[in-house]
Amino acid sequence: MKVLFFLAAIVSVAFTEAVPFESDLLLPHSGSVNGRNCLSWRLAVETNNVRDWDVVPADCAYYVADYMSGSQYPADCNYVTSAAYKHARSIQLKEDGKDVWVFDIGESSLSNLPYYSRSDVLFGSKEYNSTAKKEWELQGKAPALLATLKLYKKLLNRGYKIVFISGKSESVRNVTETNLKNVGYYTWEKLVLRQPSERGTTLAVYKSKKRGELVNQGYRIIGNIGDQWSDLSGDYAGNRTFKLPNPMFYAA
């Protein structure tokens, strides 16, 4: 009789509410599947050596599910934000209120893991459905990524101004603001969303432009945190950048 291991992991360590995984078979955590070492694939993704991929390889879907729903993902996020705060503490802030920390939103400040855990998405191994993603986004129910929320609060206490720069559309400003405030991000200096005229640019180009506008307004970008390399690359990236893990999708 074949034994099935059902994934019932609760990610309350990382999020504000339980996120059950809808699917069934949990593959070994080592991720060695059909000749592919999925742990090595994830490392290559996180170090930006594997780029421009569309979906999680089918034979790594359950490995990614295991990683995202288990204890390692929140532990990795905590490690990144701890390093970020160490940098933040090393800076002597000016008294003009122009020292800022840039935050991405999706999979950086807010988590869409309840959406990505659905069987029709399967942690990024299914083809992207923009309609389904937009429907989820408009619910405004994304929990906070707790490691980032803790960093946010510590930075505010030290006197940093917070700037959110997101690839989200300006059309979802109200729901995004409400979602952020509901989970604990209660104040910010700026919340920058993509305008209709900016849809044709890549995230890397768009975010570089928006960071440049901040610098031209006299702000100093001390730190910059996001889950995609496109959040952190290009011009005006900041004194230090910090990459959160995300093996579920690639955004250029």
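Numbers here are sequence positions counted from 1.
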Among all residues two or more places apart in sequence or in another chain, which pass the side-chain contact (heavy atoms from CB on, under 4.5 Å) test with [X]?
X      : value
Ala44  : Asn49, Val50
Arg158 : Tyr85, Arg89, Tyr160
Tyr128 : Ser130, Lys133
Ser233 : Ala204

Check: [Y] main-chain N/O paired with [X] side-chain donor or acceptor under 3.5 Å:
X      : Y      : result
His87  : Thr241 : no
Asn216 : Gly212 : yes
Glu107 : Asn112 : yes

Does [X] share a hydrophobic cluster with [Y], counting links as ILVMFWY side-chain heavy atoms below 4.5 Å and allowing steps through other members?
X      : Y      : result
Met68  : Tyr79  : no
Trp41  : Trp229 : no
Leu232 : Val45  : no
Leu155 : Tyr186 : yes

Practice problem: Go through Leu180 and Trp188 one step at a time and tell me if the side chain to side chain contact (heavy atoms under 4.5 Å, CB included) criterion holds. | Solution: CA-CA 10 Å; Leu180 285 167; Trp188 49 79; 3.9 Å; yes
Practice problem: Report the hydrophobic cluster partners of Leu138, with the cluster defined as I, L, V, M, F, W, Y residues connected by side-chain heavy atoms closer than 4.5 angstrom, directly or transitively. | Solution: Val172, Val175
Self-check item: Nonpolar side-chain network containing Tyr236, other nodes, edges under 4.5 Å
Solution: Val100, Val102, Val163, Ile165, Val192, Leu203, Tyr206, Leu214, Val215, Tyr219, Ile221
Would you indicate whether the side-chain heavy atoms of [Y] and [X] approach each other to under 4.5 Å?
X      : Y      : value
Ser125 : Val55  : no
Cys38  : Tyr62  : no
Phe123 : Asp66  : no
Val183 : Asn179 : yes
Tyr67  : Pro245 : yes
Pro114 : Trp136 : yes
Leu122 : Val56  : no

Out of curiosity, [X] [atom1] to [Y] [atom2], how far, rounded to the nearest 0.5 Å?
X      : Y      : atom1 : atom2 : value
Leu156 : Thr187 : CG    : OG1   : 7.0 Å
Leu244 : Leu145 : CG    : CG    : 6.5 Å
Trp101 : Tyr152 : CH2   : OH    : 15.0 Å
Ile225 : Ser109 : CD1   : OG    : 8.0 Å
Leu93  : Lys98  : CG    : NZ    : 14.5 Å
Thr81  : Phe242 : OG1   : CZ    : 10.0 Å

Restricting to non-hydrogen atoms, name the atom on [X] and the atom on [Y] that form the minimum distance, rounded to 0.1 Å.
X      : Y      : result
Arg51  : Asn48  : NE-O, 2.7 Å
Met248 : Trp53  : C-CH2, 3.6 Å
Ala237 : Arg211 : CA-NE, 3.5 Å
Tyr63  : Leu39  : OH-CA, 3.4 Å
Leu151 : Ala84  : CD2-CB, 3.9 Å
Gln228 : Ala251 : OE1-N, 2.8 Å

Quiz prompt | Between Phe103 and Tyr185, ring centroids under 6.0 Å | solution = no
Quiz item: Does Glu127 CD have over 12 foreign heavy atoms under 6.0 Å away?
Solution: no
Exercise. State which residues pass salt bridge (charged side-chain N to carboxylate O under 4.0 Å, His left out) with Asp96; sequence neighbours excluded, sorted by chain then number.
Key: Arg220
Practice problem: Under the salt bridge (charged side-chain N to carboxylate O under 4.0 Å, His left out) rule, collect the residues that match up with Glu189, sequence neighbours excluded. | Solution: Lys161
Pair listing, salt bridge (charged side-chain N to carboxylate O under 4.0 Å, His left out) test, anchored in [range], at least two apart:
range            : answer
residues 195-205 : Glu198-Lys209, Glu198-Lys210
residues 231-247 : Glu46-Lys243, Lys207-Asp231
residues 162-174 : Glu137-Lys168, Glu170-Arg173, Arg173-Glu177

Quiz prompt | Residue list, side-chain hydrogen bond (donor to acceptor under 3.5 Å, both in side chains) with Ser108, at least two apart or on another chain | solution = Asp104, Asp227
